[in-house]
Amino acid sequence: MSLRRCRRLASLSSFAVVLGFAVISATAPGCGCSPDPSGNGNGDGGNGDGGGDGDGGGGGDAGLNACGNQDPSCTVISVGPGGMPPMMFPLPTDVPAPTGVGANGVTRNPMGFIVLDSSKAAFDFLWIADDTNYNVGFVSKVSTKPFATAPLYREVARYVTVTCNSNSTGGIQGIVLSQNPPAGLCADGVNGCCARDSRLSNMSVGQRAINVLQNRPSRTAVDFNGDVWVANRAHSGIAGLGQQSVTKIANSITDCIERNGLAGIQTSSDVDMNGIIETDCNRDNLPDGAGTVCTGGRQQEFWGLSDECILFTTNFGAPGEIGRPLALGKGAIDVSASDAWVGTYNNGTFYRIDGTTGMVKQVVAIQTKAGLAASNPYGAAIDQFGILWAPNIGPDVYYFNTNNPTEQNGMRSPFAGVAHYGLAVDGFSMAPAGGGAPQLVSQIWFADVNSSAAMRYRPKRDGTFAGIAMGTWARATFTGEGSRGRGIGVDNRTPTAFAWVALDGQVNGRTTGSIGRIPTDLPDGTQNLTTFYSTGGRLGTLGAGVAIDLDIWGIQQNDRSAVHFDVDAAGNVMNAGSPDRVPLDDGHTPDPYTYSDFTGFGLRNFTNPRGTYSWIQQGCPTSRTRWKKIVWDADTPMGTAIKVRARSADDVAGLSGAPFTGGYTISPADLSMAPGPLMPNPARFMQVEFELTSTDRALTPALKSFQIVFECVSDIG
């Protein structure tokens with residue numbers, strides 16, 4: 001072997017340090033130098049990684065190395081405490097922070113392995129629909145992570161809930177937000193302000209124009225990546241025939257799309273750091289856009305239809321069918337973005353929207369069950385078993401299996417006079433009647449808009465769809481506080497978890513607003529509870545949500561604000577009577593109107609507990625790199641799983657736009673084979689992403705170590 005090749009492999013260590021990590025082992029059989037910084041003899045093709053008997057080394061078969069050949073440039077990078085030699089998994093929260101490492105919903109356990117930990121998610125935001133802002137409909141992004149200076153909690157961005165740039169042929173077509181749109185939008189079904197997809201219940205295709213006035217958004221849902229989906233009801237259009245739609249907005253600027261012709265990404269942000277987004281910086285009573293020239297020394301914080309973080313808008317159903325229910329579930333098997341299930345209130349039809357492409361890929365019409373009213377779903381939530389729950393605003397509840405939508409059923413609440421409003425699922429487990437280990441139940445919670453109360457349904461989980469109907473009910477009422485139950489959210493505290501229900505209305509002529517607390521182990525039947533916390537006497541407490549740090553947030557419609565409750569580990573509110581307030585009133589009549597899973601807590605913890613760990617690896621410093629395989633060691637208890645995917649590029653910046661391979665579920669992942677291949681390959685950089693999932697929040701998989709195997713090809717220069 002040439003000394004030049006040997007030195008090139010040794011220099012991998014210094015190149016990796018630039019990225020913030022270390023090369024653990026780079027072995028070239030026959031090379032007289034060892035890049036192993038520990039000096040422990042793991043290099044030089046002996047018993048080290050990539051050698052005859054090392055990790056992934058081929059077991060000494062005729063001298064083949066980890067690449068399955070005798071190429072002396074074959075290199076193995078080992079990461080994790082289970083590797084050789086052992087090393088700690090770096091995390092973005094380490095000091096100093098490593099470069100090229102990502103973690104979302106995971107942490108290190110005492111052994112140093114990567115495990116699920118939703119409290120460490122990399123996003124901390126509420127997404128609140130502004131129902132009537134400028135008579136258009138916006139969504140506000142509020143940070144739940146306190147700032148170092150006042151105001152502690154702030155609105156950090158605001159977006160229109162539609163985009164005219166879903167497709168490469170998109171365009172604003174002279175639209176001025178808040179004014180009647182010009183005629184002929186998307187006239188040819190291809191060019192201009194067209195939807196990404198437009199499907200009717202019969203799956204006919206043909207792009208239609210985006211509704212840009214009176215969208216009346218209400219439900220929001222946050223996916224695994226922190227991106228938000230917002231449903232536009234559009235029930236106040238001309239003659240009540242607005243076109244309902246759903247829009248996806250990126251949480252991270254790295255996922256936004258350059259498309260407006262201006263340098264960089266133009267997107268909403270709190271430039272002056274005062275905690276509220278300025279939407280009219282030139283004071284012309286119109287929302288700002290790409291052509292706005294601010295006056296009075298103000299800076300532009302809102303970009304309207306020119307915002308490049310609004311990814312796409314998809315129409316569903318015929319105009320006037322009202323898009324109320326919205327829930328997120330699992331995406332395609334090898335895509336980490338969650339799919340959205342959106343429904344039409346008027347006819348009980350659900351549309352499954354692909355989380356990556358925005359295309360409608362499934363339509364499910366709920367069949368009316370004898371003895372129940374027809375399905376008019378007011379909301380939706382999906383539990384860990386894939387069951388979508390869609391209650392009417394009345395006593396009837398429909399549900400179906402998203403994995404097999406022909407399995408449908410419905411039931412009626414046993415409590416007289418109730419009307420379901422907000423709903424949520426939890427992670428409740430209980431021991432079987434005959435004894436044994438606790439089993440996941442995943443209860444369903446409904447707020448009652450006809451009284452100051454909430455209901456709990458505990459399905460029977462016996463492995464059959466029919467068993468779901470054989471569950472039990474409970475009802476919690478709050479005496480002396482409010483007259484309506486609105487939104488509801490559930491935490492995962494231990495040993496006692498709580499459901500939190502928004503309450504508002506009138507009591508003895510007094511305007512009230514509060515959030516009630518219900519233990520999730522509530523016994524069957526009706527219970528009268530007394531633990532509730534005032535939001536400051538403000539009418540219109542519509543939403544109740546659990547932030548990633550387990551604090552509780554209320555959405556205040558009439559007060560045009562969000563309020564924050566500081567909650568301790570036992571579920572006690574520490575700032576009762578004086579919650580933090582985040583104003584949302586920009587002077588243009590916002591109407592905060594959200595009571596769904598507006599933090600993403602329910603999806604991440606109860607619908608599909610999930611976390612990711614990612615790593616960017618630089619290959620050969622003076623030549624291109626052929627990436628061969630990824631080998632990993634993990635513990636995966638029953639009900640948990642780990643899969644890995646990868647993408648490549650010739651520079652780090654190119655990775656964000658590169659496509660991932662499919663998800664490999666069995667180690668080793670041969671990057672030349674399905675569900676790959678990795679493309680391009682050769683390439684200078686590769687990013688690997690491990691996805692950890694569990695069907696039971698009490699269990700987690702554990703990633704113990706992984707190895708990246710590659711070889712150097714075609715010297716550059």
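No option in Leu328, Ile249, Asn251 other than Asn251 meets the side-chain contact (heavy atoms from CB on, under 4.5 Å) test with Asp227.
Ring to ring, Tyr153 and Trp553 are close: their centroids are under 6.0 angstrom apart. A distance below 6.0 Å separates the ring centres of Tyr378 and Tyr421.
For the residue pair Asp448 / Ser451, a side-chain donor-acceptor distance below 3.5 Å is found, with atom types taken as modelled. For the residue pair Thr247 and Thr313, a side-chain donor N or O sits within less than 3.5 Å of a side-chain acceptor on the partner. Judged by distance alone, the side chains of Glu301 and Ser268 never bring a donor and an acceptor atom under 3.5 Å apart. No side-chain N or O of Thr520 forms a donor-acceptor pair with one of Asp426 less than 3.5 Å apart. A donor-acceptor pair shorter than 3.5 Å cannot be found between the side chains of Gln300 and Asp288. Under 3.5 Å, the side chains of Ser514 and Ser534 contain no donor-acceptor pair of N or O atoms. Side-chain N/O atoms of Asn282 and Thr295 include no donor and acceptor closer than 3.5 Å.
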Test log, rule side-chain contact (heavy atoms from CB on, under 4.5 Å), inputs Ile310 and Val162: CA-CA 7 Å; Ile310 309 174; Val162 292; over 6 Å; no
Intermediate values then yes/no, side-chain hydrogen bond (donor to acceptor under 3.5 Å, both in side chains), Asn232 and Ser245: CA-CA 5 Å; Asn232 293 300; Ser245 63; 3.1 Å; yes
Derivation of the salt bridge (Lys or Arg N to Asp or Glu O under 4.0 Å) call for Asp131 and Arg233: CA-CA 10 Å; Asp131 183 19; Arg233 293 171 294 170; 2.8 Å; yes
Criterion ring pair (Phe, Tyr, Trp, His ring centres under 6.0 Å) on Phe89 and Tyr613, from CA distance to verdict: CA-CA 10 Å; Phe89 280 112; Tyr613 184 80; 5.5 Å; yes
Stepwise salt bridge (Lys or Arg N to Asp or Glu O under 4.0 Å) test for Arg219 and Asp597: CA-CA 8 Å; Arg219 284 68 163 170; Asp597 186 16; over 6 Å; no
Residues Leu692, Thr612; criterion side-chain contact (heavy atoms from CB on, under 4.5 Å); working and verdict: CA-CA 6 Å; Leu692 289 69; Thr612 59; over 6 Å; no
Derivation of the side-chain contact (heavy atoms from CB on, under 4.5 Å) call for Leu503 and Ser452: CA-CA 6 Å; Leu503 306 168; Ser452 183; 3.7 Å; yes
Trace of the side-chain contact (heavy atoms from CB on, under 4.5 Å) decision for Val115 with Val106: CA-CA 5 Å; Val115 294; Val106 297; over 6 Å; no
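Closest non-hydrogen pair, Val418 versus Ser413, comes out as CG2-OG, 3.7 Å. Of all heavy-atom pairs spanning Ala562 and Leu126, the tightest one is CB-CD1, 4.4 Å. Looking at every heavy atom in both residues, Pro217 comes nearest to Ala129 through O-CB, 3.6 Å. Scanning all heavy atoms of the two residues, the minimum distance from Asn135 to Leu213 falls at O-CD1, 3.4 Å. Considering every non-hydrogen atom in both Ile488 and Ala424, the closest pair reads O-CB, 3.7 Å. Between Gly611 and Leu116 the shortest heavy-atom distance is N-CD2, 3.2 Å.
Separation of atoms CG (Leu305) and OG1 (Thr163) is listed at 6.5 Å; rounding is to 0.5 Å. Atoms CZ and OG1, from Arg475 and Thr526 in turn, are 6.0 Å apart once rounded to the nearest 0.5 Å. Thr144 contributes atom OG1, which lies 4.5 Å from atom CG of Asp124 (distance to the nearest 0.5 angstrom). For the atom pair OG of Ser140 and CD1 of Ile276, the computed distance is 8.0 Å after rounding to the nearest 0.5 Å. Atom CZ of Arg581 is separated from atom CD of Gln556 by 8.5 Å, given to the nearest 0.5 angstrom. Rounding to the nearest 0.5 angstrom, the gap separating the CZ atom in Phe312 from the OG1 atom in Thr356 is 8.0 Å.
Remark: side-chain polar atoms of Asp568 are paired, donor with acceptor, to backbone N or O of Gly571 under 3.5 angstrom. With hydrogens and angles disregarded, no donor-acceptor distance shorter than 3.5 Å links the side chain of Thr220 to the backbone of Val139. Under a 3.5 Å cut-off, the side chain of Lys248 and the backbone N or O of Val228 do not form any donor-acceptor pair. When atom types are taken as modelled, the side chain of Asp383 and the backbone of Ser442 share no donor-acceptor pair closer than 3.5 angstrom. Between the side chain of Thr402 and the backbone N or O of Leu388 there is no donor-acceptor pair closer than 3.5 Å. In terms of modelled atom types and a separation under 3.5 Å, the side chain of Thr161 and the main chain of Phe138 share no donor-acceptor contact. Without hydrogens or angle criteria, Asp307 side chain to Tyr159 main chain gives no donor-acceptor distance under 3.5 Å. Without hydrogens or angle criteria, Thr292 side chain to Cys294 main chain gives no donor-acceptor distance under 3.5 Å.
Between Asp94 and Arg108 the shortest side-chain heavy-atom distance falls below 4.5 Å. Under the 4.5 Å side-chain criterion, counting only non-hydrogen atoms from C-beta, Arg324 is in contact with His235. Between Glu155 and Asp270 there is no side-chain heavy-atom pair separated by less than 4.5 Å. Tyr134 places none of its side-chain heavy atoms less than 4.5 Å from the side chain of Leu286. Proximity of Ile515 to Phe565: side-chain heavy atoms (C-beta onward) are separated by under 4.5 Å at one or more points. Using a 4.5 Å cut-off on side-chain heavy atoms (C-beta onward), Trp445 and Val490 make contact. Put simply, the side chain of Asn285 reaches to within 4.5 Å of the side chain of His588, judged on heavy atoms. Contact annotation: the side chain of Trp229 never approaches that of Trp127 to less than 4.5 Å [non-hydrogen atoms, C-beta and beyond].
Applying the salt bridge (charged side-chain N to carboxylate O under 4.0 Å, His left out) rule to pairs touching residues 511-526 yields Arg456-Asp524, sequence neighbours excluded.
Salt bridge absent: Arg560 and Asp591 never bring a charged side-chain N and a carboxylate O closer than 4.0 Å. The residues Lys145 and Asp549 are annotated as not salt-bridged, no charged nitrogen and carboxylate oxygen being separated by less than 4.0 angstrom. Taking the charged nitrogens against the carboxylate oxygens, Arg298 and Asp280 have no contact shorter than 4.0 Å, which rules out a salt bridge.
Relative to the six-membered ring of Phe498, Arg493 misses at least one condition, a distance below 6.0 Å or an angle of at most 45° to the axis. By the 6.0 Å and 45° rule, Arg158 does not stack over the aromatic ring of Phe302. For the pair Lys141 and Phe125, the cation-pi criterion (under 6.0 Å, within 45° of the ring axis) is fulfilled.
Ring pair Trp473/Tyr457 is tilted by interplanar angle, where 30° to 60° counts as tilted.
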